[in-house]
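Read through the structure below, which is laid out as structure tokens, and then see the notes.
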Protein chains: 2
Amino acid sequence: MSATPRAVTRLVEAFSRLPGIGPKTASRLTYFLLRGNQQEALMLAEALQALHAQTQLCSVCCNISESDPCDVCADDRRDGGIICVVEEPLDVLAIENTAAFRGRYHVLHGHLSPMERVGPDELRMRELVTRVEAGGVDEVIVATNPTLEGDATAVYLTRLLSPLKVQVTRLALGLPRGGDVEYADRMTLSEAIAGRREISI
Amino acid sequence: MSATPRAVTRLVEAFSRLPGIGPKTASRLTYFLLRGNQQEALMLAEALQALHAQTQLCSVCCNISESDPCDVCADDRRDGGIICVVEEPLDVLAIENTAAFRGRYHVLHGHLSPMERVGPDELRMRELVTRVEAGGVDEVIVATNPTLEGDATAVYLTRLLSPLKVQVTRLALGLPRGGDVEYADRMTLSEAIAGRREISI
């Protein structure tokens with residue numbers, strides 16, 4: 001016998017399985033939805049059901065999309081000569097938000113990680129090579145994260161693409177805008193020094 | 001034109017409406033579910049749909065329950081002479097977890113708050129008075145939160161119940177177990193001093 005209805009514990013457990021949501025937060029969310037009207041909970045339920053049903057991977061860039069090819073790959077105004085390789089679909093969003101890139105993307109869906117048993121075959125690397133082999137690509141920007149795994153993935157990709165005549169570049173490392181030299185970590189500061197550029201006036 | 005499928009933004013927006021979940025966390029949750037298998041998202045969806053469909057308010061104590069009366073109210077072994085009044089269903093759970101209370105409950109579903117336009121009529125106070133008027137209740141423990149609003153609610157309830165011959169008590173205030181006198185805030189320490197008890201040996 002328990003003071004909690006089965007429907008409540010079930011939702012608390014379902015919320016708890018999400019990353020970063022512990023049992024306390026899961027309870028809070030559940031009782032928030034219980035207090036509110038049923039419509040709120042049902043809207044969230046419908047959005048969850050539509051998530052996989054209405055999305056697929058773009059067969060060109062492997063990004064998550066509702067159409068195949070995705071909007072970016074289908075857009076003639078995007079520059080097919082530059083491919084920006086990212087780890088996750090969220091990275092595409094972040095770069096799109098800058099409006100600083102008008103090329104195309106390629107989503108690896110992860111990074112190389114021997115510890116997590118993620119090798120080249122678990123990532124969308126073959127698809128990238130096929131795209132570059134098809135020609136018309138001048139530059140591949142490797143925009144994996146500036147982490148050990150992201151670096152290893154970038155090096156691996158560079159070797160993989162080296163037989164093909166394509167320039168492989170990597171995002172600049174340095175101080176973040178609004179950052180502080182005094183508080184920058186040693187690695188970042190070293191990289192900012194190594195990557196210093198002439199001031200043009 | 002956007003790089004994000006409608007189904008993704010819809011779920012991000014739905015998650016963002018939950019308390020304590022900002023747009024960043026909502027994106028993270030959505031892409032976590034996208035990466036995982038569809039089953040995970042559908043299980044959460046079903047739990048959400050069942051939440052209101054399979055729960056109701058107990059007509060006696062106003063707690064959320066799958067049956068009416070709820071398990072606690074239907075349990076003959078619980079002491080009907082003591083009613084513990086709480087603000088929220090989660091408070092019932094917390095008190096049940098202590099196993100220190102064998103009486104019954106009454107859930108107000110909030111606290112008095114003129115700022116948020118919550119008056120006595122928005123809370124389940126009438127139902128409590130009816131229960132006490134029906135007789136057989138010796139003590140009402142007001143277990144509202146030790147906050148301004150919880151205190152105001154407790155005072156209001158005490159006045160409301162004063163014509164009825166029932167003892168109205170409030171949870172003890174003091175240092176939390178494992179706490180530290182040095183770091184206790186002034187209010188808590190004052191209340192711990194005012195509520196000091198003789199040491200029995």
Side-chain angles (χ1 to χ4, degrees), chain A residues 1-8 10-15 17-21 25 27-38 40-56 63-67 70-72 74-75 88-90 92-93 95-97 105 109-110, chain B residues 1-8 10-15 17-21 25 27-38 40-56 63-67 70-72 74-75 88-90 92-93 95-97 105 109-110:
Chain A
M1 173 143 7
S2 129
T4 323
R6 178 84 196 91
V8 172
R10 219 176 109 197
L11 185 56
V12 171
E13 282 161 15
F15 272 133
R17 276 193 294 272
L18 296 175
I21 297 198
T25 308
S27 292
R28 212 163 34 79
L29 295 177
T30 302
Y31 281 91
F32 168 83
L33 288 169
L34 259 178
R35 260 200 305 275
N37 65 54
Q38 190 168 6
E40 193 71 19
L42 293 184
M43 269 173 57
L44 183 53
E46 278 163 32
L48 283 160
Q49 283 161 338
L51 184 65
H52 282 82
Q54 293 174 16
T55 55
Q56 53 189 316
N63 193 8
I64 286 156
S65 167
E66 49 194 351
S67 54
C70 72
D71 285 349
V72 173
D75 187 351
E88 300 290 348
L90 274 176
V92 173
L93 272 188
I95 295 174
E96 281 296 282
N97 285 339
Y105 292 97
H109 291 277
Chain B
M1 174 146 7
S2 129
T4 322
R6 179 83 196 92
V8 173
R10 217 177 110 197
L11 185 55
V12 171
E13 282 161 14
F15 272 133
R17 275 194 294 271
L18 297 175
I21 296 200
T25 308
S27 291
R28 212 161 37 77
L29 295 177
T30 302
Y31 280 93
F32 168 83
L33 289 169
L34 258 178
R35 259 199 306 274
N37 65 53
Q38 190 168 6
E40 193 71 19
L42 293 184
M43 269 173 57
L44 182 53
E46 278 163 31
L48 283 160
Q49 283 161 338
L51 184 65
H52 282 84
Q54 294 174 16
T55 55
Q56 53 188 316
N63 193 9
I64 286 156
S65 167
E66 49 194 352
S67 54
C70 72
D71 286 348
V72 173
D75 187 351
E88 300 291 346
L90 274 176
V92 173
L93 270 188
I95 295 172
E96 281 296 281
N97 285 338
Y105 292 97
H109 291 275

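Remember, it's a predicted structure, so these values are computed and weren't measured experimentally. To find a chain, count down the sequence lines: A is the first, B the second, and so on, and within it residues start at 1.
Using a 4.5 Å cut-off between heavy atoms, B:Ser67 does not touch chain A at all. For chain B, no part of A:Thr25 is nearby; none of its heavy atoms comes within less than 4.5 Å. In this structure, chain B has heavy atoms under 4.5 Å from both the backbone and the side chain of A:Ser27.
Counting only heavy atoms from C-beta outward, the side chains of B:Leu48 and A:Leu42 never approach each other to under 4.5 Å. Between A:Leu44 and B:Leu11 the shortest side-chain heavy-atom distance falls below 4.5 Å. Looking at B:Leu18 and A:Leu33, their side chains come closer than 4.5 Å, going by heavy atoms from C-beta outward. Contact check for B:Arg10 versus A:Glu46: side-chain heavy atoms found under the 4.5 Å cut-off. The side-chain heavy atoms of B:Gln49 and A:Gln49, taken from C-beta on, include a pair separated by under 4.5 Å. Considering only heavy atoms from C-beta on, A:Pro19 comes within 4.5 Å of B:Leu29 through its side chain.
How far CD of A:Glu40 is from CG of B:Leu51: 12.0 Å, rounded to the nearest 0.5 Å. Rounded to the nearest 0.5 Å, atoms CZ (B:Arg6) and OG1 (A:Thr55) are 13.5 Å apart. Taking OH of A:Tyr31 as the start and NE2 of B:His109 as the end, the distance is 10.0 Å to the nearest 0.5 Å.
Interface remark: of the candidates B:Leu34, B:Val12, B:Ile21, B:Leu34 forms the most heavy-atom pairs closer than 4.5 Å to chain A. Chain B forms the most heavy-atom pairs under 4.5 Å with one residue out of A:Gly110, A:Gly20, A:Pro89, A:Ala53, and that residue is A:Pro89. Ranked by heavy-atom pairs under 4.5 Å with chain A, the first of B:Gly36, B:Cys70, B:Ala47, B:Ala14 is B:Ala47.
With respect to A:Pro5, the side-chain contact (heavy atoms from CB on, under 4.5 Å) criterion is satisfied by exactly one of B:Gln56, B:Glu66, B:Gln54: B:Glu66.
Scanning all heavy atoms of the two residues, the minimum distance from B:Ala41 to A:His52 falls at CB-ND1, 4.3 Å. Taking each heavy atom of B:Ala50 and A:Ala7 in turn, the nearest pair found is O-CB, 3.8 Å.
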